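A single structure is presented below for examination.
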Number of protein chains: 2
Amino acid sequence: MKTPTKSSYHHGDLQKALLYTARLMLEKDGIASLKLRAITRNAGVSATAATPHFGNLTGLLSALAAQGFDELSEAMSPVYAKEPRDVGLAYVRFAIANPGLFTLMFRSDAVDSDHPALATASAGAFARLAALPASDQPGISPEAAMACLWAKVHGLAVLAIDGLLAALIRHSGTALTIDQLVEEAFR
Amino acid sequence: MKTPTKSSYHHGDLQKALLYTARLMLEKDGIASLKLRAITRNAGVSATAATPHFGNLTGLLSALAAQGFDELSEAMSPVYAKEPRDVGLAYVRFAIANPGLFTLMFRSDAVDSDHPALATASAGAFARLAALPASDQPGISPEAAMACLWAKVHGLAVLAIDGLLAALIRHSGTALTIDQLVEEAFR
DNA sequence: AAGTTATTTTTACAGTGTAAATTTACGTCT
DNA sequence: AGACGTAAATTTACACTGTAAAAATAACTT
């Protein structure tokens, strides 16, 4: 509205506006609120305005998930994170800071994993994990060590988002933090 | 139809029939196929026949998830599974054998965690995890060790269901199995 | 300036969840 | 046994969803 000189068309990059609106809805009201009509309504356009840009709802959600993987890659890539532990911390902190987005990124029935942007974005994030310095313990292949490490971190992220770690901690009476659990997982 | 002497009413336990139908659909076509009208249609009853039994779709899915937690508890409780590693194996194997159900059990936006049956069933399963013999390593509280263990196993289950572990293994050229990864996680 | 293309809206339709009223069948009680 | 109350299931209705197709609008190109 303010600066239609921005990029090009009728709306001034409706693509970005829709992703932005969807992301706000996602973190505010959860994945279940991501209906195509609700997104376009909140963005102030007609119900089918997203079609030329994203094809269908799956396309829009896939683009949003791709954005999430890109941000996750960025969160994991600061130069000071040379140790696996730091990467794990970044992974879990990203998930907890963006619970809706992180959940969407791994919701394979709401997203098309063959979507070009999503495929490259997720491959990029996974490659960053695979590039971690492999722990050279005896009798463990580096791939197995990597997979276990990823599983540990991913499990902590998922359980934390579902509130299950918090429930466990509360129930046990101790004063643990999730960061401490990540530290623990990397011992 | 055949033996209406079964239990009581018009249909002969429509409750069980609906859960059975829903579960078949779940493992055959995924969570996205679990529409209330599709379930009742496949069960041969009218669209609103589930209402007296489950209230709404969330109620039905919650009952199904509760059934899943009960089965998970059973899978983890054989007497020969005294070691944490065996419980972890049972957890991951249950998830891989019932990917749709396991996914539903942790899909908090499709399910009501305050649903009575679901709440008690999930609490039962989690209690079984909490009852594991805590590893008495120095400087680790038993709760932290437990949480890490659960996260490892849950992460392996989730990543395996999404096909991401298989992709990782394939991509690395090694001949790992998921059971080996579980073994590895418990070293 | 005119025409072409891309963007957006309008219109339409099949499918969904669920609330309300109605019909059906069961169990119970005198 | 027969009538009644109650639970189960269907019918009906409505608001909402995703998306295909046609129409309208605005931009860029030549």
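Note that these values count all heavy atoms, side chains included, but never hydrogens, waters or copies made by symmetry. This structure is a prediction, so every number in the text was calculated from the model and none was measured. Chain A is the first sequence line, chain B the second, and so forth, proteins listed ahead of strands; every chain is numbered from 1.
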For this session: Using the ring-ring contact (aromatic ring centres under 6.0 Å, His included) rule, take B:F106 and B:H154 through it: C-alpha gap first, then chi angles, then the decisive distance, then the call.
Result: CA-CA 11 Å; B:F106 290 92; B:H154 191 77; 4.4 Å; yes

Problem set entry | Spacing between B:L34 atom CG and C:dG15 atom P, to the nearest angstrom | 18 Å

Seminar exercise, completed: Taken to the nearest whole Å, CG/A:L14 to C1'/D:dT25 is 15 Å

Exercise. Would you say the side-chain atoms of B:S62 pair up with the backbone N or O of B:D112, donor to acceptor, closer than 3.5 Å?
Worked result: yes

Problem set entry | Whole-Å distance separating the CD1 atom of A:I31 from the P atom of D:dT17 | 17 Å

Exercise. Nearest of D:dA9, C:dT16, D:dT19 to any side-chain atom of B:R37?
Worked result: C:dT16

Exercise. Has the side chain of A:E143 got a donor or acceptor atom that lies under 3.5 Å from a matching backbone atom of B:I169?
Worked result: no

For this session: Using only heavy-atom distances, decide whether a donor-acceptor pair under 3.5 angstrom links the side-chain of A:T51 to the base of C:dT8.
Result: no

Exercise. Rounded to whole angstrom units, what separation is found between the NE2 atom of B:H53 and the P atom of C:dG17?
Worked result: 17 Å

Exercise. Does the base of C:dT16 carry an N or O that pairs as donor and acceptor with the side chain of B:R41 under 3.5 Å?
Worked result: no

Seminar exercise, completed: Of D:dT19, C:dT18, D:dA8, the nucleotide closest to the side chain of B:L36 is C:dT18

Problem set entry | B:L57 side-chain proximity, nearest of D:dT19, C:dG17, D:dA9 | C:dG17

For this session: Ignoring the backbone of B:A49, work out which of D:dA20, D:dG18, D:dT10 is nearest its side chain.
Result: D:dT10

Problem set entry | Rounded distance (Å) that lies between atom C1' of D:dA21 and atom CG of A:N56 | 16 Å

For this session: Let me see the working for B:F102 and B:Y91 under ring-ring contact (aromatic ring centres under 6.0 Å, His included), right down to the final yes or no.
Result: CA-CA 10 Å; B:F102 186 84; B:Y91 192 99; 5.7 Å; yes

Problem set entry | Donor-acceptor under 3.5 Å (A:T48 side chain, A:T51 main chain) | no

Problem set entry | Value in whole Å for how far the C1' atom of D:dT17 lies from CD1 of A:I39 | 12 Å

Exercise. Rounded to the Å, how far apart are B:K35 NZ and C:dG17 P?
Worked result: 7 Å

Seminar exercise, completed: Whichever of B:G44 and A:A38 has the more 5' nearest nucleotide on DNA chain D, that residue is B:G44

Problem set entry | Proximity to the side chain of B:S46 - top-ranked nucleotide from D:dT19, C:dT8, D:dT11 | D:dT11

Exercise. Does the base of D:dT11 carry an N or O that pairs as donor and acceptor with the side chain of B:T48 under 3.5 Å?
Worked result: yes

Exercise. Just how far, in rounded Å, is C1' of C:dT16 from CG of B:L61?
Worked result: 14 Å

